[in-house]
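Okay, so here's the structure we're looking at.
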Amino acid sequence: MKIYLDTGNIEEIKHAAETGLLNGVTTNPSLIAKEGRPFKEIIKDIAKMLSKHTKDFTVSAETTSTDWEGMVKEGLAYAKYDKHVIVKVPLTPNGLIACQKLAKKRIRCNVTLCFSPNQALMAAKAGAYIISPFVGRIDDHGGHGMDLIEEIRTIYDNYEFKTNILVASVRSPDQVRDAALIGADIATIPYKIFQKMFYHPLTDKGNAQFLADHAKYQAALAKK
Ligand code: G3P
């Protein structure tokens, strides 16, 4: 399963990319707005940062038009920023028209704001490269986000759709585990969750014990 960082913050991306375990970055207009820098500059900087660590990565850049013509225009411009850019369009009828138009021009689309299996089916039929179901927001509203991931996995497998399932709106490491167990293709996660995924208290405890025993043993040897 690929791991993406869900952020527009270049420092977070730098730290995560240094681990060599990051496969991409997703942004959205809310994340970009937090950075207070021009959109184009942020997307290009992200691509530049990731390219220092891997050749195989994607950066999702979201359109903000509401008509498909505008989304296509934005998408064509974004694709010129960097060859790793994926154009994010909303799961609306216009978003799916834009997705088809861009796919015909070999520009990959990440169809975002997916909350139902039927929406995911429509996105796959429109040639989406990525579908982004928002599990956390479903849970926030009393639903079961991971049930949606299972349903989309079944639908895509039934018809051999190649669209990648990207689990978005992740709130905990447990959701990343569940995504991997279901067989999602990608999870995009906030930096805090990325950091938590390395952590287990028994790893720290065990490591401290091993290092202490090693130091004791070395000290004993030195006395001989
Ligand atoms: O980028 C899309 C998605 O991951 C947003 O997550 O936390 O705003 O629901 P959130």
Side-chain angles (χ1 to χ4, degrees), residues 1-13 16-17 21-37 39 42-43 45-47 49-50 57-66 71 74-75 78 81 84-92 95-96 98-99 108-117 119-120 123-124 128-150 152-153 163-180 182 184-197:
M1 186 173 75
K2 290 182 175 167
I3 304 264
Y4 289 0
L5 217 58
D6 198 25
T7 184
N9 186 277
I10 204 72
E11 279 304 306
E12 291 181 350
I13 294 163
L21 302 172
L22 192 64
N23 306 111
V25 167
T26 49
T27 63
N28 63 39
S30 307
L31 293 170
I32 294 288
K34 284 185 191 168
E35 299 307 311
R37 294 200 292 141
F39 174 75
I42 295 174
I43 299 298
D45 281 356
I46 294 172
M49 178 60 69
L50 289 172
F57 68 89
T58 71
V59 184
S60 288
E62 191 156 345
T63 58
T64 49
S65 297
T66 50
M71 291 177 201
E74 285 180 78
Y78 297 175
Y81 295 175
H84 299 93
V85 166
I86 305 263
V87 178
K88 235 171 149 183
V89 293
L91 212 157
T92 59
L96 295 188
C99 177
R108 296 172 293 178
C109 282
N110 173 350
V111 177
T112 189
L113 291 165
C114 172
F115 294 93
S116 81
Q119 286 182 316
Y129 178 71
I130 289 173
I131 182 70
S132 288
F134 279 29
V135 295
R137 292 194 194 183
I138 292 175
D139 291 354
D140 292 347
H141 282 80
H144 299 280
M146 280 302 155
D147 289 354
L148 174 59
I149 303 303
E150 271 185 327
I152 298 173
R153 181 75 281 160
T163 303
N164 292 284
I165 302 171
L166 181 155
V167 178
S169 184
V170 168
R171 308 262 191 266
S172 71
D174 283 354
Q175 287 174 319
V176 183
R177 174 205 59 202
D178 292 345
I182 292 166
D185 302 288
I186 310 161
T188 190
I189 60 180
Y191 182 57
K192 270 188 184 164
I193 291 172
F194 183 84
Q195 287 175 301
K196 281 184 186 171
M197 285 180 62

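Throughout, numbering of the chain's residues begins at 1 and tracks the sequence. Both counts, for ligands and for their atoms, begin at 1 and track the order of listing.
- Ranking the protein heavy atoms by distance from atom 7 (O) of ligand 1 puts Arg171 NH1, 2.6 Å first.
- With Asp6 contributing its side chain and Pro190 its backbone, the two residues share no donor-acceptor pair below 3.5 Å.
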Subject >> Arg177 and Asp174: CA distance, side-chain angles, deciding distance, salt bridge (Lys or Arg N to Asp or Glu O under 4.0 Å) verdict >> reply: CA-CA 5 Å; Arg177 174 205 59 202; Asp174 283 354; 3.7 Å; yes
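- In this structure a side-chain-to-backbone donor-acceptor pair under 3.5 Å is missing from Glu150 to Asp147.
- For atom 6 (O) of ligand 1, the nearest non-hydrogen atom of the protein is Ser169 CA, 3.3 Å.
- Remark: minimum distance from atom 8 (O) of ligand 1 to any protein heavy atom is reached at Arg137 NH2, 2.8 Å.
- Under 3.5 Å, the side chains of Thr63 and Tyr78 contain no donor-acceptor pair of N or O atoms.
- Of all the heavy atoms in Val170 and Thr188, the pair that sits closest is CG2-O, 3.5 Å.
- Every atom of ligand 1 is numbered from 1 in the order shown, and the set under 4.0 Å from a heavy atom of Asp6 is 1 (O), 2 (C), 3 (C), 4 (O), 5 (C), 6 (O).
- Considering both main-chain and side-chain atoms, Asn28 comes within under 3.5 Å of ligand 1 through a nitrogen or oxygen pair.
- Remark: distances from the non-hydrogen atoms of Lys88 to ligand 1 include one below 4.0 Å.
- Shortest contact from atom 2 (C) of ligand 1 to any protein heavy atom: Phe134 CZ, 3.3 Å.
- Judged by distance alone, with hydrogens and angles left aside, the side-chain atoms of Thr58 form no donor-acceptor pair with the main-chain N or O of His84 at under 3.5 Å.
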